[in-house]
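Worksheet: the structure to be examined is printed underneath.
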Amino acid sequence: MTYDIASLRSRFPALAAGTVHFDGPGGTQTPEPVIDAIAEALARPLSNRGRYSLGERNADAIVTGARQAMGDLLGADPAGIVFGRSATQLTYDVARTLAASWAPGDEVVVTRLDHDANVRPWVQAAERAGATVRWAGFDPATGELTTDDIRAVLSDRTRLVAVTAASNLIGTRPPIAEICRLAHDAGALAHVDGVHYTAHTLVDLPALGADLFVCSPYKFLGPHHGVLAAPPALLETLHPDKLLPSSDAVPERFELGTLPYELLAGTHAAVDFLAGLDTSAAGTRRERLVASFAALEAHEATLRTRLDKELAALPGVTIHSRAADRTPTLLLTFEHHDTTDAYRFLAARDIHAPAGTFYAIETSRHLGLGDTGGLRIGLAPYNDQGDVDRLLAALAEFLGK
């Protein structure tokens with residue numbers, strides 16, 4: 001297993017500016033191959049998809065290649081890969097479509113651990129259908145969301161369980177496979193927000209058991225858009241509103257309007273880049289992704305372990321990320337110091353670690369942090385020990401003022 005961090009960092013032009021980026025959960029920096037793929041797609045002949053002109057064939061090849069790449073990344077059938085503007089937009093679209101069959105007495109489960117993009121679309125859709133929303137809490141002391149928390153709000157009227165695979169605020173990774181089994185045992189669908197999870201853990205959609213899974217390439221080194229993955233057979237049963245002349249084939253029936261071909265080319269390149277994180281990996285793209293994500297997790301775990309230890313030693317620091325299984329994402333608050341002041345102090349030293357709730361408003365409130373949240377430190381593949389050195393030194397200086 002070979003993870004060459006120096007070589008990896010050299011492929012991110014943005015890092016040359018000297019800023020240390022701990023904002024990976026909000027969006028990663030972009031490597032050269034992704035930038036090049038976007039530029040190449042725009043530089044070549046390009047038109048709406050088809051089979052005859054060069055521009056048509058280029059567009060079709062981009063879409064086909066991006067579906068296959070995302071299928072490899074998620075362990076999913078490429079025929080069930082849907083592209084959209086964002087994970088939020090795709091979730092709203094699915095929520096509206098599913099809610100058309102809901103009625104008063106039906107129930108929908110959401111959790112306090114989730115980003116609002118996997119809460120509000122379901123709450124609003126349930127309200128319009130007259131369905132009941134059931135809330136699953138988590139333990140604020142540990143950050144853990146357990147199967148018991150989900151089981152307590154399930155019933156024979158549950159139609160859907162919406163749950164995050166990893167909290168974008170505190171990093172908690174709930175037992176998703178078990179939660180999906182519980183949902184299925186109750187006769188419900190499981191919609192999983194994998195936006196934060198996919199950046200740190202290789203997804204195996206069949207093993208997770210999610211019926212619907214969303215993620216965002218810009219969280220894993222790609223461009224800004226969203227991806228929905230689902231079994232094609234399930235998508236065949238869903239009928240969203242669409243334009244009359246547009247294709248009714250799956251997955252195209254869910255892709256409203258012309259796709260952003262250049263961004264899909266960038267996403268394809270991002271998946272290939274991720275497959276090369278372990279420079280010694282060989283085999284199919286999926287096999288190289290397995291090896292590369294193992295290397296990535298080992299690298300990020302080393303940095304996170306150091307951060308956990310040394311941040312806890314700083315005076316007046318509370319770390320709210322405590323789950324046993326979590327991503328390298330830490331939420332901090334400080335005794336006698338405002339987290340927004342810390343954010344600004346770090347930014348003045350070219351260290352980007354933002355403060356807030358990051359749309360995980362229910363999580364922040366459940367932690368007792370209200371609508372303020374905390375300072376979030378989120379690792380990405382290009383972070384190294386030097387980045388951690390700068391962050392720790394700057395925080396020590398801030399807290400010593």
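Just so you know, these numbers use all the heavy atoms, side chains as well, and skip hydrogens, waters and symmetry mates.
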Among Glu297, Glu300, His196, find the one that has a side chain to side chain donor-acceptor pair (under 3.5 Å) with Thr327. His196
So, Arg322 and Glu144, do they make that salt bridge, N to O below 4.0 Å? no
Charged N to carboxylate O below 4.0 Å: is that the case for Asp338 and Arg344? no
Could you pull out all residues at least two apart from Arg304 that satisfy salt bridge (charged side-chain N to carboxylate O under 4.0 Å, His left out)? Asp308
Under 30°, 30 to 60°, or over 60°: which ring-plane class applies to Phe345 and Phe398, parallel, tilted or perpendicular? tilted
Can a side-chain donor-acceptor contact be found between Thr146 and Asp148 if the only test is distance below 3.5 angstrom? no
Asp248: salt bridge (charged side-chain N to carboxylate O under 4.0 Å, His left out) partners, not counting sequence neighbours: Arg253
At what distance, to the nearest 0.5 angstrom, does CD of Glu107 lie from OG1 of Thr158? 5.0 Å
Cationic N near anionic O, under 4.0 Å, Arg159 to Asp106: yes
From Thr91 atom OG1 to Arg96 atom CZ, the distance as rounded to the nearest 0.5 Å: 10.5 Å
Check whether any side-chain N or O of Asp72 sits under 3.5 Å from a backbone N or O of Ala69 as a donor-acceptor pair, and report yes or no. no
List, one per line, each side-chain donor-acceptor pair under 3.5 Å for residues 216-226, sequence neighbours excluded.
from   : atom 1 : to     : atom 2 : distance (Å)
Lys219 : NZ     : Pro25  : O      : 3.0
His225 : NE2    : Thr267 : OG1    : 2.6

Examine the side chains of Asp211 and His191 and answer whether a donor and an acceptor come within less than 3.5 Å of each other. no
Pairs touching residues 293-325 that satisfy ring pair (Phe, Tyr, Trp, His ring centres under 6.0 Å), sequence neighbours left out: Tyr3-His299
Give me each pair satisfying side chain to side chain donor-acceptor pair (under 3.5 Å) with a member in residues 170-179, each pair once, sequence neighbours excluded. Arg173-Thr201, Arg173-Asp325
Which residues pass the salt bridge (charged side-chain N to carboxylate O under 4.0 Å, His left out) test with Asp350, sequence neighbours left out? none
Rounded to the nearest 0.5 Å, how far does OH of Tyr382 lie from CG of Leu15? 7.0 Å
